[in-house]
Amino acid sequence: MTVRVRFAPSPTGYLHVGGARTALYNWLFARSEGGTFLLRSDDTDAERSTPEYAADILDGLRWLGLDWDEGIEVGGPHAPYRQSQRLERYREVASELVAAGRAYWSLADPEALERWRKEARDQGRAPAYDGSLEPPPEEVERRLAAGERATVRFRVPRPGRTEFSDVVRGDMSFEHTQVEDFVILRSNGTPTYHLASTVDDVDFGITHVIRGEDLLSSTPKHILITRAMGAEPPTYAHLSLLMGPDGKKLSKRHGDTAVAAFRAAGYLPEALVNYLALLGWSPGDEETIVSRDEMIRRFDLADVSRNPAIFDMDKLQWMNGVYIRAMTPDEFVDRIMPWIAEDLGREPTAEELRILHEIAPHVQERTKLLAEAADQVRFLLVDEVVYDERSWSKVMKGDAPRALDGAIAALSELDEWTIESIESALRGMLEREGLSARKGLQPIRVAVSGSTVSPPLFESLAALGRRRTLERIRRARDRLTA
RNA sequence: GGCCCCGUCGUCUAGCGGCCUAGGACGCUGGCCUCUCAAGCCAGUAGCGCCGGUUCGAAUCCGGUCGGGGCUACCA
């Protein structure tokens with residue numbers, strides 16, 4: 001049997017890292033099994049679904065490199081893949097279930113239902129509605145005929161229980177007294193999640209349902225519907241949830257968890273994928289940096305952890321740095337370009353591009369987030385450097401004037417402007433002035449870059465060019481006197 | 001309240017009855033390197049929630065307890 005899995009987001013919110021991880025595990029499983037990864041849209045909640053969210057989800061998946069073989073935008077034998085376009089099918093299944101006695105039109109009074117549930121809870125019973133509040137059949141028939149709107153509820157067989165084996169959690173068993181006669185069709189004729197999702201899984205031939213643990217206790221409902229449709233339930237695998245640093249379910253409270261936000265901050269998709277993959281799955285040995293191919297080769301659903309995982313921004317950031325350092329300098333320049341252009345408000349010139357490529361290796365190893373790179377190279381691209389006042393007051397004192405004067409003298413008479421010649425000129429200056437490298441070079445760094453923190457000095461000056469270097473040192477020297 | 005899931009360093013995890021003096025990674029601390037910051041290298045820090053039981057032997061199996069989480073909608 002060929003594996004068929006799906007990722008079925010509801011476009012009622014942007015794609016967040018939790019959803020991305022679920023999609024990733026589905027994708028990894030499909031790829032490792034040579035199966036099909038399907039993307040569908042569970043958009044039965046017309047109120048809350050928006051095209052913007054739908055687009056964000058697709059963008060995010062593509063950016064992460066999680067390509068799908070069937071579904072939205074790519075089509076396939078079961079199109080359409082949007083639930084909003086399959087409403088007729090769900091109504092059809094609902095009426096078949098009613099006809100077969102597996103579901104019924106429900107006219108229970110909402111307030112009475114609420115009281116019933118409260119009472120059950122107060123008495124320590126499960127607040128699972130069992131259909132006992134329904135009017136007699138003749139009355140139901142009459143009111144329905146009179147045009148009254150009703151929901152359709154699934155008739156959960158009681159006594160009874162549903163058992164299944166979850167790939168990551170093991171054997172599960174739910175007493176039906178804990179499962180209520182749940183609504184499958186709303187009174188407005190639209191299906192609930194339980195119906196739509198299950199019908200799609202059956203119709204699309206889904207073999208493995210890999211999803212968040214929040215759906216674990218709904219699984220009996222899905223199995224009940226599946227069997228009532230005369231189908232065999234798929235294999236289920238429920239992934240533990242992602243938590244924030246406080247141990248609570250990851251949400252907006254913990255900052256922006258949107259995949260798009262990570263992208264904008266300068267995270268690399270390969271780093272995010274690597275991090276997410278290891279958040280709940282381990283290849284078994286001591287590897288931390290795992291390539292995509294390696295993941296596919298070694299991924300096994302049975303190795304997925306049952307523990308909830310706290311999303312650790314520090315580790316992700318470290319990993320992003322590892323991936324950034326692994327790039328070639330040219331690739332690095334290419335990838336930081338969007339941030340550079342935004343920072344500059346224009347595209348860099350050919351000369352600026354040359355400078356960027358020259359300094360790239362040195363900036364690269366200091367970058368954890370692509371967005372930071374723009375800050376580090378800004379001094380090479382602007383006409384006038386902006387001094388960081390804290391840096392200025394820290395180093396522009398004591399021997400600073402001598403260092404700056406000495407640097408101007410030493411650099412002015414240089415024949416060639418290379419990293420080596422600059423270094424030997426400045427080291428000679430330090431020697432003559434009797435200054436330590438630390439004391440003598442920091443003022444120059446601030447004069448040229450505006451900050452006590454910058455890429456290596458000699459390399460920076462070489463990239464900046466003689467004219468601009470001298471200009472900046474003189475300007476700083478003047479400011480120091482003034 | 002009811003049902004369900006989970007419980008190894010601060011965090012992610014390896015561990016599947018003896019190989020565990022519990023391993024790795026991030027973080028943190030110290031050192032080396034060094035023109036700043038990084039990177040790199042070295043060292044250190046820190047954990048089997050608790051109580052019983054099974055066993056010659058338990059982080060590993062069982063029971064209980066405590067703690068955390070999820071679900072409990074005409075949301076998904």
Side-chain angles (χ1 to χ4, degrees), chain A residues 8-10 12-13 42-45 47-48 106 110 113-114 117-118 120-128 149-153 166 168-170 172-175 177-180 182-188 190-194 196-197 211-220 238 240-241 243 245 247-249 275 278-289 305-319 321 325 362-368 376 391 395 423 426-427 430 436-442 444-446 449 451-460:
Chain A
S10 290
T12 53
D42 281 15
D43 57 353
T44 53
D45 187 349
E47 305 286 296
R48 301 194 298 143
S106 170
L113 229 179
E114 202 173 316
R117 287 202 265 243
K118 184 179 184 310
R121 187 183 288 243
D122 288 346
Q123 291 176 189
R125 302 193 334 262
R149 307 253 249 180
T151 61
V152 174
R153 286 180 186 275
D166 188 285
V168 342
R169 295 189 186 263
M172 302 293 314
S173 173
F174 290 85
E175 282 298 332
T177 48
Q178 300 295 330
V179 183
E180 75 170 351
F182 55 101
V183 173
I184 56 175
L185 206 63
R186 301 185 186 105
S187 53
N188 67 5
T190 61
T192 60
Y193 169 78
H194 301 305
S197 175
R211 49 159 45 161
E213 195 195 322
D214 50 341
L215 263 357
L216 184 59
S217 29
S218 299
T219 305
H238 287 91
S240 61
L241 268 16
M243 305 294 184
K248 304 281 183 205
K249 192 175 171 184
Y275 178 71
L278 263 51
L279 202 56
W281 170 72
S282 162
D285 56 20
E286 301 184 341
E287 297 302 312
T288 311
I289 303 298
S305 167
R306 283 170 290 276
N307 304 7
I310 291 175
F311 194 87
D312 182 1
M313 209 59 106
D314 284 337
K315 189 158 185 176
L316 204 212
Q317 212 164 95
W318 163 79
M319 198 172 272
R325 271 172 259 130
H362 309 290
V363 175
Q364 207 173 329
E365 65 181 50
R366 294 169 167 71
T367 302
K368 283 211 169 84
Q376 294 186 58
S391 294
V395 305
E423 172 158 13
L426 289 179
R427 291 212 186 273
L430 293 177
S436 67
R438 194 183 193 94
K439 296 219 77 164
L441 263 25
Q442 281 300 77
I444 304 174
R445 185 189 308 283
V446 172
S449 76
S451 166
T452 49
V453 177
S454 84
L457 187 62
F458 312 128
E459 286 79 354
S460 295

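Residue numbers begin at 1 in each chain, while the letters A, B, ... track the order of the sequences. Keep in mind it's a predicted model, so treat the numbers as computed, not measured.
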For a quick check of understanding: with a heavy-atom distance under 4.0 Å over all strands, which category does L185(A) fall into, base, sugar-phosphate or nothing?
nothing

Any non-hydrogen side-chain atom of T192(A) less than 4.5 Å from a side-chain atom of V183(A)?
yes

Would you mind classifying the nucleic acid contact of T151(A) as base, sugar-phosphate or nothing, using non-hydrogen atoms under 4.0 angstrom?
base

Report the nucleotide, chosen from G24(B), C3(B), C74(B), that has the shortest atom-to-atom distance to any side-chain atom of E286(A).
G24(B)

Which whole-number value in Å describes the distance from L216(A) CG to U72(B) P?
12 Å

Donor/acceptor link under 3.5 angstrom from T192(A) side chain onto base of C74(B)
no

L316(A) vs D122(A), nearer the 5' end of RNA chain B by closest nucleotide:
D122(A)

side-chain hydrogen bond (donor to acceptor under 3.5 Å, both in side chains) partner of H238(A), chosen from R306(A), R169(A), R211(A)
R211(A)

Taking any heavy-atom pair under 4.0 Å as a contact, classify R211(A): base, sugar-phosphate, or nothing.
nothing

Using the P atom as the reference point in each nucleotide, state the distance between U29(B) and G2(B) in Å, no decimals.
46 Å

Counting side-chain heavy atoms from C-beta on, which of A76(B), G2(B), A73(B) comes nearest to Q178(A)?
G2(B)

With C1' as the reference atom in both, quote the distance from A46(B) to C12(B) in angstrom, rounded to an integer.
15 Å

N/O-N/O pairs, protein side and nucleotides 9-15 of chain B side, under 3.5 Å:
residue, atom, partner, partner atom, Å
C12(B), OP1, I310(A), N, 3.2
C12(B), O2', L278(A), O, 3.0
C12(B), O2, K315(A), NZ, 3.4
U13(B), OP1, G280(A), N, 3.1

Rounded to whole angstrom, note down the P distance from C20(B) over to A59(B).
13 Å

Could you check whether M172(A) gets within reach of a base, just the sugar-phosphate, or nothing at all, counting any heavy atom under 4.0 Å?
sugar-phosphate

Against the side chain of R169(A), the closest entry in G69(B), U72(B), C6(B) is C6(B)

Write down the distance separating the C1' atoms in C41(B) and G49(B), rounded off to the nearest Å.
37 Å

Using the P atom in both, what is the distance from U11(B) to G69(B), to the nearest Å?
14 Å

When rounded to the nearest 0.5 angstrom, what is the spacing between CZ in R121(A) and CD in Q123(A)?
13.0 Å

Using atom P of each nucleotide, how far apart are U8(B) and C3(B) to the nearest Å?
25 Å

Within the distance-only criterion (no hydrogens, no angle test), does the side chain of S10(A) pair as donor or acceptor with the backbone N or O of D42(A) below 3.5 angstrom?
yes

For E175(A) and for R117(A), locate the closest nucleotide of RNA chain B by heavy-atom distance; then report the residue assigned to the nucleotide nearer the 5' terminus.
E175(A)

Measuring from T452(A):OG1 to L441(A):CG, what's the distance to the nearest 0.5 Å?
13.0 Å

Please check this pair: side chain of Y275(A) against backbone of D312(A), looking for a donor-acceptor N/O pair closer than 3.5 Å.
yes

S10(A) side chain, from C-beta outward: closest of A76(B), C74(B), G27(B)
A76(B)

Looking at R445(A) and P455(A), would you say the former's side chain and the latter's main chain have a donor-acceptor pair under 3.5 Å?
yes

Classify every nucleotide of nucleotides 31-44 of chain B by which part a protein heavy atom approaches to under 4.0 Å, writing B for the base, S for the sugar-phosphate alone and - for neither, in 5'-to-3' order.
----BBBBSS----

Would you measure the distance from the C1' atom in C26(B) across to the matching atom in G68(B) and give it in whole Å?
23 Å

G47(B) and U13(B), which share atom name C1', separated by this distance in whole Å:
12 Å

Its contact letters, B for base, S for sugar-phosphate only and - for none at protein heavy atoms under 4.0 Å, make nucleotides 59-65 of chain B read -------

Counting any heavy atom closer than 4.0 Å, what does S218(A) reach on the DNA or RNA strands: base, sugar-phosphate only, or nothing?
base

Once rounded to the nearest 0.5 Å, what's the spacing between atom CZ of F182(A) and atom OG1 of T151(A)?
12.0 Å

